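Just so it is clear, the model here is predicted, and its values are computed rather than measured. When a residue number appears, it is its place in the shown sequence, counting from 1.
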Amino acid sequence: MLVKTYSAAVNGLDVTTVTIEVNIIKGVMFRFTGLGDAAVREGRDRIASAMQVNGFRFPTGDITVNMAPADLRKEGSGFDLPLAIAILSAGGGMVSDKLSEYMMVGELSLDGSLQPVRGALPIAIRARAEKYKGLIVPRQNVREAAVVNNLEVYGMETLPEVVSFLTGQSDARPTMIDTRREFYERQSCAGPDFADVRGQETVKRALEVAAAGGHNMIMIGPPGSGKSMMAKRLPSILPPLSLAESLETTQIHSVAGKLGRGTSLISVRPFRAPHHTISEVALVGGGMTPQPGEISLAHNGVLFADELPEFNKSTLEVLRQPLEDHKITISRAKYTVEFPCSFMFVASMNPCPCGYYGDPTHRCVCTPGQIQRYMNKISGPLLDRIDIQTEITPVPFKDISSGAPGEPSARIRERVIRARQIQEERYKADKGIHCNAQMTERMIHIYAEPDNEGIEMLRTAMERLSLSARAYNRILKVARTIADLADSQPVRPEHIAEAVSYRNLDRGDWAERG
């Protein structure tokens, strides 16, 4: 008897509907076709045990299983449930006319309980697009999948529970989630607040400018000056996620298996801070079964690289293309996977090997040559993609001992949101451009061109400070953001002056001064 059930294969963020066909005739063989990996093929033993423990008979005969499309590689244990249902139906263990109405996914334990799988959200989106009536998933994945509207999503705990539902012996109810209400209720930023930061007003201003324009940023300062502390507070001043951004971000974390149990939507911007020993594959994604890396997990959020020169140089170099294109493409012999990775890159570093170059309270023991070699660990092309470069000095005692808290994140966030709204209105006709950091050279000349006084100031600054040519466009992008924060239509000389102050590492004499 031939029976078909339906599931889905996830490759990157792309989902393909998989038809599982089982045919049983007289014989004793078990044949498996359809390019299933080891985890898929091993599902036969898990299914046999689950059936036996729960009182079902594993059919005897010549069993042929095919997963169509047969030329698409199938990976993972999520095909256990639909394969078990197909084998039961083909062997006469159950009779159901609902198999064509539902997509199913889930891993079976030996006792028949369902274990969570990766990618439940993108699978649910695919099921809705394919006009299936509903989706059956493990209980742990139900809230994640139920955010998809116009689709009945059932969370099941065991194989017998699924069989009872499909044969009409139980009246299971689909899980319903008011996606918009839940998203907006959980959208508040309850993380670290800038009110905890004493002093460092210049650096907090630079972080505000970076958040307002979506600019990449690097902070240079001695140990204990507050670089990591302030970077961890950056998400608290970023604009809130939109519902579309939340769905996209949640899909990535779902595919990576990073969603917690009972999680529906990610409602706050991600903050990823990988250790400097991270490998290239872990950073950008990949592996035998391509998975999202840290840059994709930071999509629509912040990627923080603490102690930047300590990262392997070849690892840092793979960031260059994603920082420019906002996506990462992982190619294999038979297929290509693409993950989005539009993130703010924020880094911190010591100014020299000993850490105290420029520190007024400690003496640096490094020579200019040592400082230059330390700085050269960061390549020019990577540094070229960082708009804001700011120095940090230790907080004076009078600021540390002050009882007055700093400006709270909520107040800073209001200014950032206002600046982003100005940019969204400005770039509404430009596809793929949402903030000043994404402006092209043509757009810089249209939206960020200063007046004659500003151009003269910029020319003088570049000559006197030995700024590199690559700093020109970066300065104008940042100046445009500073003007937006000031609610100014033209870019004024004072905006240029502040933007120039954020190009410390471009100065030709940076390693020799002090």
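Between Q52 and R57, the side chains place no donor N or O within less than 3.5 Å of an acceptor N or O (distance only, hydrogens not considered). Side-chain polar atoms of Y447 and N436 form no donor-acceptor pair below 3.5 angstrom. Checked by atom type, the side-chain pair E144/S254 shows a donor-acceptor distance below 3.5 Å. Between the side chains of T64 and N23, not a single donor N or O lies within less than 3.5 Å of an accepting N or O.
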Counting only pairs under 3.5 Å, give me each side-chain donor-acceptor contact of residues 295-304, with atom names and distances, residues two or more places apart or in other chains.
unit_1	atom_1	unit_2	atom_2	d
S296	OG	P340	O	3.2
H299	ND1	S342	N	2.9
H299	NE2	E248	OE1	3.0
N300	ND2	E245	O	3.4
N300	ND2	T249	OG1	3.0

Going by atom type alone, with no hydrogens or angles, which donor-acceptor pairs under 3.5 Å involve a side-chain atom of residues 66-83 and a protein atom two or more places apart or on another chain?
unit_1	atom_1	unit_2	atom_2	d
N66	OD1	T33	OG1	2.8
N66	ND2	E21	OE1	2.9
R73	NE	E75	OE2	3.2
K74	NZ	G34	O	2.6
K74	NZ	M67	O	3.1
K74	NZ	P69	O	2.6
K74	NZ	L72	O	2.6
S77	OG	E107	OE1	2.7
D80	OD1	R46	NH2	3.1
D80	OD2	R46	NE	2.7
D80	OD2	R46	NH2	3.2
D80	OD2	L108	N	3.2

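D37 contributes a side-chain N or O that, together with a main-chain N or O of V40, makes up a donor-acceptor pair within less than 3.5 Å. Under the 3.5 Å distance criterion, the side-chain polar atoms of R128 are left unmatched by any main-chain donor or acceptor of A124. A donor-acceptor pair is defined here as one N or O able to donate and one able to accept, closer than 3.5 Å; no such pair exists between the side chain of S348 and the backbone of S228. Between the side chain of T250 and the main chain of I266, a donor-acceptor pair closer than 3.5 Å is present. Judged by distance alone, the side chain of N216 and the main-chain N or O of F345 form a donor-acceptor pair under 3.5 Å.
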side-chain hydrogen bond (donor to acceptor under 3.5 Å, both in side chains) between S409 and S236, worked out
CA-CA 6 Å; S409 293; S236 69; 2.8 Å; yes

side-chain contact (heavy atoms from CB on, under 4.5 Å) evaluation trace for R139 with M156
CA-CA 5 Å; R139 182 80 67 186; M156 302 290 185; 5.7 Å; no

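Remark: A282 engages I278, S279 in a side chain to side chain contact (heavy atoms under 4.5 Å, CB included) (not counting sequence neighbours). Shown here are the side chain to side chain donor-acceptor pair (under 3.5 Å) partners of R420, two or more places apart in sequence or in another chain: there are none. A search for side chain to side chain donor-acceptor pair (under 3.5 Å) contacts involving R418 returns nothing, not counting sequence neighbours. With sequence neighbours excluded, no residue forms a side chain to side chain donor-acceptor pair (under 3.5 Å) with Q421. Listed by chain and residue number, N54, F56, T158 satisfy the side chain to side chain contact (heavy atoms under 4.5 Å, CB included) test with P160 (two or more places apart in sequence, or in another chain). A206 meets the side chain to side chain contact (heavy atoms under 4.5 Å, CB included) test with M217, I388, T390, Y502; sequence neighbours excluded. Judged as a ring-ring contact (aromatic ring centres under 6.0 Å, His included), and not counting sequence neighbours, the contacts of Y132 are Y6. Under the side chain to side chain donor-acceptor pair (under 3.5 Å) criterion, E310 pairs with no residue at all, not counting sequence neighbours.
The two residues V416 and E208 come nearest to each other via the heavy atoms CG2-O, 3.9 Å. In terms of heavy-atom proximity, D97 sits nearest to E101 at O-OE2, 4.3 Å. When all heavy atoms of G106 and V117 are compared, the closest pair comes out as CA-CG1, 3.8 Å. Between H253 and P270 the shortest heavy-atom distance is NE2-CG, 4.3 Å. For C341 against I328, the heavy-atom pair with the smallest separation is SG-N, 3.8 Å.
Note on residues 316-325: pairs passing salt bridge (Lys or Arg N to Asp or Glu O under 4.0 Å), not counting sequence neighbours, are E317-R320, E324-R385. Pairs of residues two or more places apart, or lying in two chains, never qualify as salt bridge (Lys or Arg N to Asp or Glu O under 4.0 Å) while including a residue from residues 276-285.
A cation-pi arrangement is found for K98 relative to F165, the charged atom lying closer than 6.0 Å to the ring centre and inside a 45° cone about the ring normal.
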